[in-house]
Amino acid sequence: MSEESRDGLEAVRAEKLRKIADLGIDPWGHRFDDHKAIAAVRAIDLPKPAEGETPEPGPAVRIAGRIMLRRGQGKVVFLEVRDWTERIQVFIGKKQVGDQAWALVDLLDLGDLIGVDGTLGYTKTGELTVFATALTFLGKSLAPPPEKWHGLTDQEERYRRRYVDLYSNPESLRTFLGRSTIVRTFRKVMEERGFVEVETPTMQAIAGGAAARPFVTHHNTLDIDLFLRIAPELYLKRLLVGGMERVFEIGRVYRNEGISPKHNPEFTMMEAYQAYGDYHAMMDLTEGLICASIEAVGGGFVRPWGEKTVDFTPPWPRRCYLDLLREHAGVDPDDYEAVKARAKAAGIATEGRDRDVVISDLFEATVEDALAGPVFVIDYPAAICPLTKRKASDPRVAERFELFVDGIELANAYTELNDPYLQEDLFRSQLAGQKEEDSMAKMDDDFVQALKNAMPPAGGLGIGIDRLCMLLLNKASIRDVVLFPLMRPQAARPAAAVDDESEI
RNA sequence: GCCCUCCUAGCUCAAUUGGCAGAGCAGCUGACUCUUAAUCAGCGGGUUGUAGGUUCGAGUCCUACGGGGGGCACCA
């Protein structure tokens with residue numbers, strides 16, 4: 001951490017900035033219209049001249065971007081300029097641009113932003129190149145960019161200074177543009193299927209709809225504590241009561257729990273509710289959303305996933321929860337003594353705990369990691385699903401599914417419980433062995449009142465956007481698909497001396 | 001919260017058993033009008049995350065603290 005050397009490198013660039021201003025050029029640039037995306041420039045069909053042939057003058061192009069590489073050659077310089085679509089080589093000759101522009105070229109650093117007008121053509125070695133006729137300075141980078149070959153590799157720096165990661169690591173930029181493509185695809189598919197996008201409160205007096213600990217915040221004027229939402233579920237279902245038959249929300253939820261490669265304290269979920277649907281309708285929707293996303297980001301249905309491969313070719317199997325437990329845990333779920341014995345062997349407490357809670361723990365311990373998927377796990381034990389409609393044929397079973405891929409839970413959906421009396425009962429009854437703060441059952445009187453106005457039978461769905469992005473973009477950590485993952489604050493850097501820099 | 005591990009120049013990385021802190025890139029000076037991580041010659045750049053300790057001597061060993069990564073726990 002040398003303040004001295006950092007200042008040294010910055011001082012050199014600050015001096016160049018001053019010299020650029022001395023040339024009568026604004027070192028912070030201005031509006032620069034009508035430049036082409038570099039990818040579009042590269043897509044221009046310009047035939048390569050044959051050996052020895054004098055090349056035809058190519059089309060005039062205008063580009064803008066960041067200087068990534070510089071190869072000086074006396075009175076000629078080659079730059080690699082990158083924008084958010086591509087990179088391209090720029091040729092600048094002293095004779096071609098004139099003395100005035102050449103004075104500016106001397107003051108260009110890696111990381112600076114420039115606009116280039118020129119003609120498109122090929123160099124002697126056959127590289128597509130913009131032969132500059134004019135330069136426009138668009139922004140001075142006072143900070144030196146990372147090493148030109150390796151980019152920024154330090155994980156911590158990549159997360160803390162994402163702006164550097166994005167411009168220096170094309171793969172990182174590609175990932176976040178891919179995430180944007182996935183979100184856009186979700187909106188498009190939902191719209192095609194007749195859903196409307198809505199926004200519901202993120203600050204809630206009762207943080208319901210999931211089993212998670214909320215963040216607490218405070219409203220000063222009302223002098224009340226509020227929770228950041230852990231799910232939009234209960235508000236979206238109020239909209240079903242109100243007659244909005246197909247709604248969805250793509251939004252941030254906040255859960256005050258651990259951080260891991262699969263968990264960020266704030267993450268993005270899409271929740272959708274469809275009146276007169278059920279969980280099978282939600283499975284079709286889920287498959288449609290994810291398959292459309294795969295087509296949008298490209299790469300086919302058989303996709304790399306770390307060292308593994310995941311085959312997303314639809315349709316995906318739909319497997320019963322208890323069948324999977326039978327297979328992987330090797331016990332008959334109806335024989336609770338056997339289940340308890342198996343749970344104890346797996347290190348799961350059984351004493352004084354609800355039967356379905358023990359079964360759920362055993363499922364997580366023995367089945368989830370083995371689910372290569374994609375696979376819909378369907379028909380959950382009812383006691384662990386307080387917001388879900390029970391099967392008419394068997395009230396011990398809830399009409400719920402979760403979608404798993406390589407042990408990762410990607411989606412969670414129900415046929416929604418719309419019986420207000422049963423909902424109220426389930427809100428009141430805590431399961432034995434579950435702490436209240438960890439329970440999904442939190443009394444929400446207004447929600448029960450809403451159900452008393454008749455909520456249509458419905459299917460509801462939640463999909464973790466971040467995890468889907470991990471899987472489709474092949475990133476091992478959620479922090480690689482969240483632009484600014486939560487980090488501990490660093491100790492403040494000593495404030496730079498203000499007085500002796502003020503003239504710049 | 002617990003366990004393991006990492007932190008060396010702006011960036012990417014070396015440094016043998018505890019023995020003079022190094023290289024490449026970037027930067028600066030100079031040469032070069034078709035380069036491809038351009039090349040060539042020269043120069044500058046460090047409180048080895050922080051604070052202690054052991055030692056004749058610590059980047060290296062020990063302790064504490066800070067930050068990161070992985071795992072456990074919690075959760076989606």
Side-chain angles (χ1 to χ4, degrees), chain A residues 1-13 15-16 55 68-80 87-97 102 109-111 121-129 131 141-161 164 168-169 209-214 230-231 253-269 347 361 364 368 402-404 407-412 435 437-438 440 462-468 470 476-480 485 487-492:
Chain A
M1 287 300 169
S2 165
E3 287 298 318
E4 241 176 291
S5 63
R6 192 207 328 270
D7 287 352
L9 291 172
E10 184 174 323
V12 169
R13 285 165 178 254
E15 175 63 14
K16 288 184 190 171
M68 302 308 293
L69 243 46
R70 179 194 168 105
R71 296 182 282 274
Q73 176 92 38
K75 295 182 175 58
V76 156
V77 65
F78 293 90
L79 302 179
E80 299 254 359
R87 56 155 288 277
I88 197 163
Q89 177 169 269
V90 171
F91 174 101
I92 307 171
K94 184 180 182 186
K95 205 170 70 188
Q96 288 83 346
V97 296
W102 191 251
D109 280 309
L110 299 186
Y122 293 96
T123 58
K124 282 179 185 169
T125 49
E127 169 140 5
L128 189 68
T129 299
F131 291 86
S141 177
L142 291 168
E147 213 256 1
K148 65 186 181 187
W149 188 242
H150 300 92
L152 191 63
T153 62
D154 182 83
Q155 291 282 61
E156 181 173 0
E157 288 297 299
R158 290 185 54 220
Y159 301 148
R160 286 192 196 277
R161 299 196 298 147
V164 177
S168 62
N169 296 322
R213 296 183 198 190
I230 57 175
V253 297
Y254 307 86
R255 299 189 181 177
N256 203 344
E257 277 144 9
I259 293 175
S260 86
K262 295 191 187 78
H263 302 262
N264 196 57
E266 54 177 314
F267 63 101
T268 302
M269 249 193 355
D361 281 355
E364 284 174 21
E368 287 191 2
E402 292 192 341
L403 173 65
F404 284 91
I408 298 173
E409 186 193 329
L410 254 192
N412 186 9
K435 281 178 281 187
E437 60 187 356
D438 296 335
M440 247 196 257
I463 297 184
I465 300 289
D466 312 84
R467 289 179 175 181
L468 178 63
M470 288 170 64
S477 171
I478 197 168
R479 296 183 203 94
D480 291 324
M487 303 287 276
R488 283 191 132 93
Q490 287 176 308

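Proteins come first, then strands; the chains are lettered A, B, ... in the order of their sequence lines, and each starts at number 1. Values reported hereafter were calculated over all heavy atoms of this structure, with side chains retained and with hydrogens, waters and symmetry mates removed.
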First encountered from the 5' end of RNA chain B, between A/Gly126 and A/Glu364: A/Gly126
First of A/Gly151 and A/Phe78 reached from the 5' end of RNA chain B, by closest nucleotide: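 That would be A/Gly151.
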For [N] and [M], measure between their [atom1] atoms and round to the nearest Å.
N      : M      : atom1 : value
B/rA21 : B/rG46 : C1'   : 8 Å
B/rA37 : B/rC25 : C1'   : 9 Å
B/rA58 : B/rA15 : C1'   : 13 Å
B/rU63 : B/rC3  : P     : 12 Å
B/rG59 : B/rU50 : C1'   : 15 Å
B/rU12 : B/rG27 : C1'   : 16 Å
B/rG18 : B/rA23 : P     : 24 Å
B/rU39 : B/rU35 : C1'   : 10 Å

Partner set under ring pair (Phe, Tyr, Trp, His ring centres under 6.0 Å) for A/Phe404, not counting sequence neighbours: none
Write down the distance between [atom1] ([X]) and [atom2] ([N]), rounded to a whole number of angstrom.
X        : N      : atom1 : atom2 : result
A/Leu69  : B/rC34 : CG    : P     : 18 Å
A/Met68  : B/rC11 : CE    : C1'   : 12 Å
A/Glu80  : B/rC34 : CD    : C1'   : 14 Å
A/Glu156 : B/rU12 : CD    : P     : 11 Å
A/Lys262 : B/rC74 : NZ    : C1'   : 14 Å
A/Arg158 : B/rC11 : CZ    : P     : 15 Å
A/Arg71  : B/rU33 : CZ    : P     : 17 Å

Please work out if [X] contacts a base, only the sugar-phosphate, or nothing of the nucleic acid, heavy-atom cut-off 4.0 Å.
X        : answer
A/Asn256 : nothing
A/Gly258 : base
A/Phe91  : base
A/Met487 : sugar-phosphate
A/Gly462 : nothing

Identify the pairs formed between an N or O of the protein and an N or O of nucleotides 25-29 of chain B at a distance under 3.5 Å, and give each distance.
{"residue": "B/rC25", "atom": "O3'", "partner": "A/Lys148", "partner atom": "NZ", "Å": "3.2"}
{"residue": "B/rA26", "atom": "OP1", "partner": "A/Lys148", "partner atom": "NZ", "Å": "2.7"}
{"residue": "B/rC28", "atom": "OP1", "partner": "A/Lys16", "partner atom": "NZ", "Å": "2.5"}

Nucleotide-level pairing of RNA chain B, given in dot-bracket where Watson-Crick and G-U pairs need both distances under 3.5 Å and | marks other strands: (((((((..((((.....[..)))).(((((.......))))).....(((((..]....))))))))))))....
Any donor-acceptor N/O pair, A/Asn412 side chain to A/Glu402 backbone, under 3.5 Å: no
Any donor-acceptor pair under 3.5 Å from A/Ser260 side chain to A/Lys262 backbone: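 At least one qualifying donor-acceptor pair exists.
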For A/Glu364, all residues meeting side chain to side chain donor-acceptor pair (under 3.5 Å), sequence neighbours excluded: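 Partners of A/Glu364 under the side chain to side chain donor-acceptor pair (under 3.5 Å) test: none.
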Residue list, side chain to side chain donor-acceptor pair (under 3.5 Å) with A/Thr123, at least two apart or on another chain: A/Thr125
With sequence neighbours left out, what residues match [X] under salt bridge (charged side-chain N to carboxylate O under 4.0 Å, His left out)?
X        : answer
A/Lys16  : A/Asp109
A/Glu80  : A/Arg71, A/Arg87
A/Arg479 : none
A/Arg161 : A/Glu157

Measuring from the side chain of [X] (C-beta onward, heavy atoms only), which nucleotide among [options] has the closest atom?
X        : options                : result
A/Thr129 : B/rU33, B/rU35, B/rG67 : B/rU35
A/Arg488 : B/rU12, B/rG68, B/rC34 : B/rG68
A/Gln89  : B/rG68, B/rC11, B/rU35 : B/rU35
A/Arg479 : B/rG69, B/rA38, B/rG71 : B/rG69

B/rU33 OP1/OP2 closer than 4.0 Å to side-chain N/O of A/Gln73: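 Answer is no, no contact under 4.0 Å.
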Side-chain N,O (A/Thr153) to OP1/OP2 (B/rU12) below 4.0 Å: yes
Verdict with supporting geometry, A/Val77 and A/Trp102, side-chain contact (heavy atoms from CB on, under 4.5 Å): CA-CA 10 Å; A/Val77 65; A/Trp102 191 251; 4.2 Å; yes
